[in-house]
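Read through the structure below, which is laid out as structure tokens, and then see the notes.
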There are 2 protein chains.
Amino acid sequence: MINTLRALLKQKGYSLTKPRLIVFGVLAGKEPQTMAEIIGLTANKIDRATVYRTIELFEQAGIAHRLNIGFKYKIELTEVFNGHHHHLHCTACGRTFPLPANPMLETMIDTVASKADFAPRGHQLEIYGLCQNCSKPS
Amino acid sequence: MINTLRALLKQKGYSLTKPRLIVFGVLAGKEPQTMAEIIGLTANKIDRATVYRTIELFEQAGIAHRLNIGFKYKIELTEVFNGHHHHLHCTACGRTFPLPANPMLETMIDTVASKADFAPRGHQLEIYGLCQNCSKPS
DNA sequence: CAGTATTTGCAAATTTGTCGCAATAATCTA
DNA sequence: TAGATTATTGCGACAAATTTGCAAATACTG
């Protein structure tokens with residue numbers, strides 16, 4: 001994991017610094033995080049500006065990317081680390097869950113775009129609703 | 001159209017005011033707009049703060065909703081006015097095109113979510129790539 | 001049309017994201 | 001591994017985006 005990180009950084013000529021490792025640590029194996037969350041979790045270690053710069057750099061290096069959810073956006077590691085997937089966003093508790101990609105669905109999405117004379121390069125599917133926990137009768 | 005607008009507002013106990021009509025007019029029948037665009041188009045008629053408040057109110061009343069595209073978000077009228085559809089976002093020219101919903105695709109999305117023990121209430125699919133115009137050989 | 005409740009504009013305050021630059025840490029070379 | 005070179009960080013100042021309080025204006029009700 002760290003090796004992949006190092007490799008992706010090196011590919012772009014970036015170095016693996018302490019702040020970058022910290023930000024990566026905050027993202028690894030967690031649900032997508034908002035900027036505020038990342039900044040909060042690293043507040044005593046890294047400056048706000050560095051967090052923004054790091055995220056931007058991670059995006060350029062294909063390490064992390066933005067996920068648009070409702071108003072805000074959240075950051076998560078790319079499919080290199082997480083595999084391609086979509087998201088289930090619970091409108092009750094605000095959590096975001098990964099939904100493993102379904103090959104048939106992927107194909108259909110590309111097909112539908114192509115039929116509209118559009119050359120698809122990627123997509124993002126966000127499903128809104130209630131997670132298992134929030135739809136339980138209280 | 002205006003009647004539907006009035007009805008949706010009344011349903012929530014909101015009144016149909018001049019500023020709300022103006023904002024509605026800016027959104028009706030157009031591509032999704034960014035906040036900056038809406039504010040710009042109404043600058044000499046409505047205060048910025050009112051635009052923000054109106055959009056928020058439109059969201060609550062199911063009149064308009066936010067569409068997340070790349071970094072920014074855009075506003076468009078809901079399916080009540082526009083029908084359910086997805087979006088093709090051209091990464092070259094930045095335009096956003098509607099993609100009429102495909103029933104089979106819709107079904108598959110709901111199914112996939114349900115299988116993950118999630119109760120889907122809606123979804124948003126953004127496809128990124130090149131529009132017909134931008135993929136032409138120049 | 002008056003009375004009441006809602007909504008607006010304005011100005012100020014927050015929040016969010018960016019930038020320049022000197023200090024610091026990482027990388028490279030010998 | 002020391003020393004030179006380059007990339008990166010923290011800090012403070014900015015700039016942009018969004019929110020809020022409140023008095024004045026507008027819409028709705030009877």
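In what follows, chains carry the letters A, B, and so on, assigned in the order in which the sequence lines appear, proteins first and then strands, with residues in each chain numbered from 1.
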Could you check which of D:dT9, C:dG17, D:dT18 has an atom nearest any side-chain atom of A:T50? D:dT9
For B:Y52 and D:dT18, is the shortest distance between a side-chain N/O and OP1 or OP2 below 4.0 Å? yes
Take nucleotides 20-27 of chain C nucleotide by nucleotide from the 5' end and write B, S or -, depending on whether a protein heavy atom sits under 4.0 Å from the base, only from the sugar-phosphate, or from neither. B-----SS
Taken in chain and number order and not counting sequence neighbours, the residues that satisfy side chain to side chain contact (heavy atoms under 4.5 Å, CB included) with B:T42 are B:I22, B:V26, B:I46, B:V51
Distance, rounded to the nearest Å, where [X] contributes [atom1] and [N] contributes [atom2]:
X: B:L21; N: C:dT7; atom1: CG; atom2: P; value: 14 Å
X: A:Y73; N: D:dT18; atom1: OH; atom2: P; value: 12 Å
X: B:M35; N: C:dT16; atom1: CE; atom2: P; value: 16 Å
X: A:K10; N: D:dA7; atom1: NZ; atom2: C1'; value: 15 Å

For the helix from C:dC1-D:dG30 to C:dA30-D:dT1, what angle lies between the axis at the first five pairs and the axis at the last five pairs, to 10 degrees? 50°
Residues two or more places apart in sequence or in another chain: which of them pass ring-ring contact (aromatic ring centres under 6.0 Å, His included) with A:F97? none
Pairs satisfying salt bridge (charged side-chain N to carboxylate O under 4.0 Å, His left out), at least one member in residues 124-135 of chain B, at least two apart: none
No-H, no-angle donor-acceptor pair, A:R48 side chain to C:dG17 base, under 3.5 Å: yes
For residues 96-107 of chain B, pull every pair meeting side-chain hydrogen bond (donor to acceptor under 3.5 Å, both in side chains), keeping only residues two or more places apart or in separate chains. B:K74-B:T96, B:H84-B:E106, B:H86-B:E106, B:H89-B:T96, B:E106-B:H123
